[in-house]
Peer 1: 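Below are the structure tokens for one structure; questions will follow.
Numbered from 1 within each chain, the chains take letters A, B, ... in sequence-line order. All figures in this text were calculated on a predicted structure; none of them were measured in a lab.
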Number of protein chains: 2
Amino acid sequence: MNEQKKSITMKDVAAEAGVSVGTVSRVINNEKGIKEVTLKKVQQAIEKLSYVPDEYARGLKTNRSNIIALLIPTIWHPFFSEFAYHVEKELLKNQCKLLICNADKDAQNEIEYIKLLEKNKVDGIIGITYSDIDKYISSNLPFVSIDRHFSENVYYVTSENYHGGQLACRELVKRGCQNLAYISGVNKHLNETTERGRGFKDEAKQQNTKLCSLEMPEPLDQAERQIKSFFEAHPQIDGIFTVNDFMALRVIKVLTEMGKTPLEDYQIIGFDGLRPAFDQPYLLSTIVQEIAQMAQAAVELLLKLIRKEKIEKNVISLPVHFFEGNTTKKL
Amino acid sequence: MNEQKKSITMKDVAAEAGVSVGTVSRVINNEKGIKEVTLKKVQQAIEKLSYVPDEYARGLKTNRSNIIALLIPTIWHPFFSEFAYHVEKELLKNQCKLLICNADKDAQNEIEYIKLLEKNKVDGIIGITYSDIDKYISSNLPFVSIDRHFSENVYYVTSENYHGGQLACRELVKRGCQNLAYISGVNKHLNETTERGRGFKDEAKQQNTKLCSLEMPEPLDQAERQIKSFFEAHPQIDGIFTVNDFMALRVIKVLTEMGKTPLEDYQIIGFDGLRPAFDQPYLLSTIVQEIAQMAQAAVELLLKLIRKEKIEKNVISLPVHFFEGNTTKKL
DNA sequence: CTGTTAGCGCTTTCAT
DNA sequence: ATGAAAGCGCTAACAG
């Protein structure tokens with residue numbers, strides 16, 4: 001049945017069908033202008049021998065692998081794994097396959113991987129990176145970045161982070177918060193997440209609401225302790241916005257240990273809209289990023305780049321929305 | 001700098017170094033028996049031209065891609081993403097790359113993907129699948145299965161599921177539970193997770209402890225409702241073991257809605273040891289699978305298969321342990 | 001120890 | 001509309 005003895009080649013198919021290899025190739029590639037009968041013959045031969053084209057040989061000629069790489073800090077994180085999930089789905093629709101590359105937040109790893117990928121001739125890269133790797137990306141390798149702005153001529157997809165911050169502020173104020181706090185880690189490489197805090201702070205000013213903030217340089221070793229002293233110094237805080245959902249979880253943990261209860265003592269909004277798995281709920285009240293849409297946009301952009309199609313805008317910014325979970329009051 | 005004009009080939013390197021392509025090939029492949037000076041010359045030429053071998057051409061000759069595929073229901077799930085994370089790390093050590101294939105729990109997708117993978121000549125597959133795909137795996141494509149037993153001659157890696165069930169029972173009894181419940185979904189395809197329940201039930205009998213169980217056929221549409229009626233019918237239950245962590249979370253949610261509080265009214269132990277991300281804690285008290293070790297074992301097994309090395313045992317079963325979270329009493 | 005050379009399986013002109 | 005043939009860049013067998 002599925003016992004391909006010694007690997008069937010195009011030559012075998014050609015012989016079986018009584019045509020030349022060129023013709024078989026044309027059939028494989030869906031070229032038009034093939035006589036109905038020849039097409040039939042070839043297709044039957046392919047079927048009969050259960051022939052599958054050799055992708056290496058093909059790649060050698062065409063310089064295309066139909067493989068794209070996703071370069072991320074780690075797949076072991078709901079944001080990245082959800083993103084990867086959607087990217088894979090989208091790619092599959094376009095007969096492409098997905099290579100996963102964990103860089104583990106290490107710039108050197110990112111660079112190593114990029115070299116590896118160039119050698120392996122992936123057709124393109126979608127990268128969520130936190131270091132200055134743009135210099136290492138050879139200009140002939142299509143690259144789409146997520147959430148991070150490189151040099152001017154780089155393509156990227158992001159969320160409306162600034163607006164998300166504004167939104168968070170409005171939702172907290174709407175629910176009666178009067179002493180706001182923004183809590184985040186700060187990566188030494190600037191990235192789009194900074195905009196979340198900027199939006200939040202700007203909106204607080206706009207709304208004339210008191211605000212203080214805790215911005216901890218990464219890596220976050222002593223985060224819990226820092227958070228604790230922050231709240232000891234600012235016991236009046238009743239509305240919190242964090243740079244992402246996991247940070248919110250950490251804050252909740254610390255506040256719980258300090259004897260404070262969400263809803264009763266404070267309200268908190270995260271950012272990302274993480275769900276550990278497809279059928280799992282959001283972790284808390286949060287600003288939700290449209291991860292599926294981001295993935296879709298990134299793939300679309302990358303494929304256009306690969307196919308050298310015209311691209312209207314090299315930056316795509318997607319809307320976010322508020323999800324009312326159980327860490328903010330019901331309205 | 002990194003401006004590879006028109007793709008440097010081995011021929012260019014050979015010319016630059018003043019040797020033949022054969023010699024360059026030998027250098028690339030780390031063959032020994034090359035004169036020190038020639039080696040130097042070639043390496044310098046490679047450096048100077050920043051030559052990278054073409055993996056297609058190589059694959060065409062050697063029939064090896066150094067790519068392996070991970071076939072899973074979905075990467076968007078902490079178990080699979082943690083597993084994938086470790087697989088990728090392990091593969092990278094062996095200069096292999098990882099292709100992610102989401103089958104979305106659909107047997108047809110799994111089969112389609114396997115066909116695609118054979119065509120694309122991945123060197124092997126690691127599969128966590130829930131359908132009878134063994135028939136579709138051509139015997140010449142190395143395959144390692146996780147948690148699922150196929151035909152006799154298939155290689156697989158699993159955890160000591162039965163023992164994990166026993167462990168859960170002992171830990172609950174040790175903490176004073178007298179009315180146990182086992183709750184799980186049941187896939188129509190038998191898999192290793194069934195052993196968890198078997199171990200739990202056997203141990204309960206051994207310990208002379210009362211037990212009832214709720215086993216819901218998948219897909220789980222009305223799980224919440226079923227769980228609710230189950231607990232209404234069995235209000236005396238004080239110790240629960242679920243087939244996995246997410247099921248435990250669902251149970252907790254239902255019980256919370258019914259006004260019951262963990263620790264006060266019941267204790268519950270999950271299975272898997274899920275953590276949403278590397279630096280996140282376990283979700284609850286649970287039987288932890290050593291996912292990293294499983295990944296390592298799977299990769300090792302697969303690489304041996306690929307290299308046609310001798311394999312001692314075709315089944316590897318890894319130990320599990322209990323993690324005391326906040327859904328069981330402290331001892 | 002190194003050079004020469006025949007393909008690997010496919011695509012793609014160029015003929016016909 | 002189809003066939004013939006030249007490579008793509010590399011490896012490996014053979015020669016020297």
Peer 1: Would you mind reading off the distance between B/L60 atom CG and C/dG9 atom P, rounded to a whole angstrom?
Peer 2: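 It is 7 Å, rounded to the nearest whole Å.
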Peer 1: I want to check something: taking the side chain as every heavy atom from C-beta on, are B/L60 and A/K61 in contact at a cut-off of under 4.5 Å?
Peer 2: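 Side chain of B/L60 against side chain of A/K61, heavy atoms only: no contact under 4.5 Å found.
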Peer 1: Check whether more than 12 heavy atoms from other residues, nucleotides or ligands sit under 6.0 Å from atom CD of A/E31, and answer yes or no.
Peer 2: yes
Peer 1: For every nucleotide of nucleotides 10-16 of chain D, 5' to 3': is a protein heavy atom under 4.0 Å from its base (B), only from its sugar-phosphate (S), or from neither (-)?
Peer 2: BBBB---
Peer 1: Could you check if a side-chain atom of B/V299 sits within less than 4.5 angstrom of a side-chain atom of B/H86, using non-hydrogen atoms only?
Peer 2: no
Peer 1: Using whole Å, what does the distance between atom C1' of nucleotide C/dC1 and atom NZ of B/K40 come to?
Peer 2: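 Going from NZ in B/K40 over to C1' in C/dC1 covers 17 Å.
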Peer 1: Pick the closest DNA chain C nucleotide for B/L39 and for B/N63 by heavy atoms, then say which residue is nearer the 5' end.
Peer 2: B/L39
Peer 1: Between B/H77 and B/F80, how do the two ring planes meet: parallel, tilted or perpendicular, split at 30° and 60°?
Peer 2: tilted
Peer 1: Within the 4.5 Å heavy-atom criterion, are B/F79 and B/Q289 side-chain neighbours or not?
Peer 2: yes
Peer 1: Tell me whether the OP1 or OP2 atom of D/dA4 has a side-chain N or O from A/S20 closer than 4.0 Å.
Peer 2: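 No, outside the criterion.
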Peer 1: Say you draw a straight line from CG of A/D104 to CH2 of A/W76; how long is it, rounded to the nearest 0.5 Å?
Peer 2: 10.5 Å
